[in-house]
2 protein chains.
Amino acid sequence: MTMNAAGGRRRPPTIHDVAREAGVSRGTVSRVLNGGHYVSPAAQEAVNAAIRKTGYVVNRHARSLITGRSDSIGFLLTEPQERFFEDPNFNVLLRGCTQALAAHDIPLLLMLAGTEDERRRITRYITAGHVDGVLLVSSHSGDPVAEQLREAGVPLVACGKPIGLASKVSYVAADDRDGARDMVRHLLSLGRRRVGTVTGPLDTPGGVERLAGYKEVLAEAGLEFDERLVVSGDYSRASGEAGAEHLLARAPDVDAVFVASDLMAQGVLTALHRAGRRVPEDVAVGGFDDSPAAVAAGPELTTIRQPWDRISSEMVRVLLALIGGEDPAAVILPTELVKREST
Amino acid sequence: MTMNAAGGRRRPPTIHDVAREAGVSRGTVSRVLNGGHYVSPAAQEAVNAAIRKTGYVVNRHARSLITGRSDSIGFLLTEPQERFFEDPNFNVLLRGCTQALAAHDIPLLLMLAGTEDERRRITRYITAGHVDGVLLVSSHSGDPVAEQLREAGVPLVACGKPIGLASKVSYVAADDRDGARDMVRHLLSLGRRRVGTVTGPLDTPGGVERLAGYKEVLAEAGLEFDERLVVSGDYSRASGEAGAEHLLARAPDVDAVFVASDLMAQGVLTALHRAGRRVPEDVAVGGFDDSPAAVAAGPELTTIRQPWDRISSEMVRVLLALIGGEDPAAVILPTELVKREST
DNA sequence: TTCTCTACTGTGAACGCTCACAGAAGCATG
DNA sequence: CATGCTTCTGTGAGCGTTCACAGTAGAGAA
């Protein structure tokens, strides 16, 4: 649009050009750029017109150099596996965060720290002040990166309650336990009495909480806890399949399964199908997440919807507050039972 | 806000601190940082030691301010839909690019430009020089953002051959046409003669090329082209399902389907199952992509593997070359037939 | 009048780095 | 001895911005 007719590549306009154009000083332009306090309406208007005319865009590098802020946020994934990329929830979360930040005109830097080596480099990068804060997605406990960032005083918001960390780290999570309770109550309401579960990894908050909810409801229904009905998975499809086989072998009379993720539930469906069990007639299956995988499955999964859109927007809100100097906060968001064909 | 354990607020070390520590000047430190030309071995070593000792990390903002480079790359998604996030290929691509860039210590900025409004803001952001180059993922033709960036002279590499654009834009793509040929030949080799296809969107290069490959092989096999065997989809699961129903209605004798994406193929399987057709006995189904969806499907899909890892690393390589002043390049990578249960 | 207060504006000095340039040292050549 | 060349090193300037501070003008109070 602003190509010079002369053909030369034109140097982008600076605050100086705008000042000259508006007939004011650099300082006044800067004040307009940063909220417009102590600026007369006339100057305000002149500067805005000059900005439009010159096509001026602030040079973030120059600004960052002096403010010490970088005006960007890191999205950090410290999973050793690529599981998160396989996980549809991850997409939704990433997209939600990007959009929430875009509303503040803040770019998001995607950082993958799978290996030990990468983790070191990225920690170094972050602590050097190249991002103002970090959105952390790391399900496992005892994450060294998280601990290091916390110690370095980098504003940090985790997705899901971090287990291993000392207190005072902000996080946003769905109410896993309550979601699990809802699902198991739902299964019991269908008349099922031999309700098994395939848990998530038990070094993750989600895994622990969902199992806790399961146990609570069985107890409140007066059903005896039967450890043969509990097998553990790692949120992957394959582990769901293996888990269901295990379950069928140990408790053939199982008539319902609460699976701690939709992806695992897909695996469970496969295994049940192979074993000749009909879903939901013989065995009702409930998932967790309401990810695209839930609808992709056949039959479509009854599941617990996690409010990913709200989780991501809350993560961004809390992080920006933290950067603004507010105290750490924990946000727990409600889940919702979504009934489909599998129960 | 990095608080020191000692209690003092420590300013991060600058190039000046390193210079003092090493007993040399700023200039020498800078030269070491930028390749070490014209630096004596003794100075080189002293500077490296000082860097290690002080924990110095270069301030990219200061560097960018003077060099005009930003040392970061944008990953731009201009899809209006969230389809890409649903698409497992996207994950692999994003991860691959992030990692390839990480090897060069270049952070990746994720940019989503779904709406018209966002597109304007992001174009502005990019053309203001906040990234050195852009990896563009936009399947549709006539993308205004791409055209604007091209005109503004921003180094740009597209994923897949852009249709609408004027020439001279770099891209990396799998050999869609050849992949389609392989799959259709495979279906014919199984003795199938009524081979249908569910195409991708025909305003995308993938959609067009895969259909072209299909037609070519039918022609070379001496089979007459039957337009009842061709229905179009949009790469979504739902469109695959609808497409298969359409196909069954128009050509009930269909004995094989080449589906232009795995996700659509999942939908095709669902529709075939509902219609009581066995796969692969009654109808063989071939997908495209070899995405996780291919293995998630039941039966597991025979498909065409796209070399996503190489696509992403090539995109990064070409973009860095472009930034380095080299000429635009097009890279076409070979595909591979992966046989599974559905054929 | 004179003083104070408020609202606004301009100016130099940073921020941490790279770049151009000047110079020094070492060595060979005229 | 001067001269040139190469390799290395230090210095000043400046990138585009914000920030602190010093003003200025105008209004109201003493």
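Residue numbers begin at 1 in each chain, while the letters A, B, ... track the order of the sequences. Below, each value reflects all heavy atoms present in this structure, side chains not excepted, and no hydrogens, waters or symmetry copies.
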At what distance, to the nearest 0.5 angstrom, does CZ of B:Phe75 lie from OG1 of B:Thr98?
-> 7.0 Å
Check whether the side chains of A:Asp17 and A:Thr54 place a donor and an acceptor atom closer than 3.5 Å, and report yes or no.
-> no
side-chain hydrogen bond (donor to acceptor under 3.5 Å, both in side chains) contacts touching residues 40-51 of chain A (sequence neighbours left out) | none
d([atom1], [X]; [atom2], [N]) in whole Å:
{"X": "B:Arg20", "N": "D:dT11", "atom1": "CZ", "atom2": "C1'", "value": "17 Å"}
{"X": "B:Arg69", "N": "D:dC15", "atom1": "CZ", "atom2": "P", "value": "17 Å"}
{"X": "B:Asp71", "N": "C:dG16", "atom1": "CG", "atom2": "C1'", "value": "14 Å"}
{"X": "B:His130", "N": "D:dC15", "atom1": "NE2", "atom2": "C1'", "value": "14 Å"}
{"X": "B:Ile15", "N": "C:dC15", "atom1": "CD1", "atom2": "C1'", "value": "14 Å"}
{"X": "A:Tyr56", "N": "D:dG16", "atom1": "OH", "atom2": "P", "value": "10 Å"}
{"X": "A:Ile66", "N": "D:dT18", "atom1": "CD1", "atom2": "C1'", "value": "4 Å"}
{"X": "B:Arg63", "N": "C:dC15", "atom1": "CZ", "atom2": "P", "value": "19 Å"}

A:Arg317/A:Glu314 salt bridge by N-O under 4.0 Å criterion = yes
Do B:Glu147 and B:Arg150 meet the salt-bridge criterion of a basic N to acidic O distance under 4.0 Å?
-> yes
Difference in axis direction between the ends of the helix from C:dT1-D:dA30 to C:dG30-D:dC1, five pairs, 10° = 70°
Nearest to the side chain of B:Leu65, which nucleotide is it out of D:dC19, C:dG16, C:dT11?
-> C:dG16
Could you work out which one of C:dT9, C:dC19, C:dG16 sits closest to the side chain of B:Asn59?
-> C:dG16
Looking at [X], does any N or O in its side chain come under 4.0 Å of the phosphate oxygens OP1/OP2 on [N]?
{"X": "B:Ser25", "N": "D:dG10", "value": "yes"}
{"X": "A:Arg11", "N": "D:dG16", "value": "yes"}
{"X": "B:Thr28", "N": "D:dG10", "value": "yes"}

Do any of residues 29-50 of chain A sit with a heavy atom less than 4.0 Å from DNA chain D, and if so which?
-> A:Ser30, A:Asn34
Mutual orientation of the aromatic rings belonging to B:His130 and B:Tyr125 [parallel < 30°, tilted 30-60°, perpendicular > 60°] | tilted
Please indicate whether A:Asp105 has more than 12 foreign heavy atoms, meaning atoms of other residues, nucleotides or ligands, lying under 6.0 Å from its CG.
-> yes
Any donor-acceptor pair under 3.5 Å from A:Ser170 side chain to A:Val157 backbone = no
State which residue, out of A:Leu135, A:Leu76, A:Leu136, fulfils the side chain to side chain contact (heavy atoms under 4.5 Å, CB included) condition with A:Met111.
-> A:Leu76
Pair of N/O donor and acceptor under 3.5 Å linking C:dT18 base with B:Arg26 side chain = yes
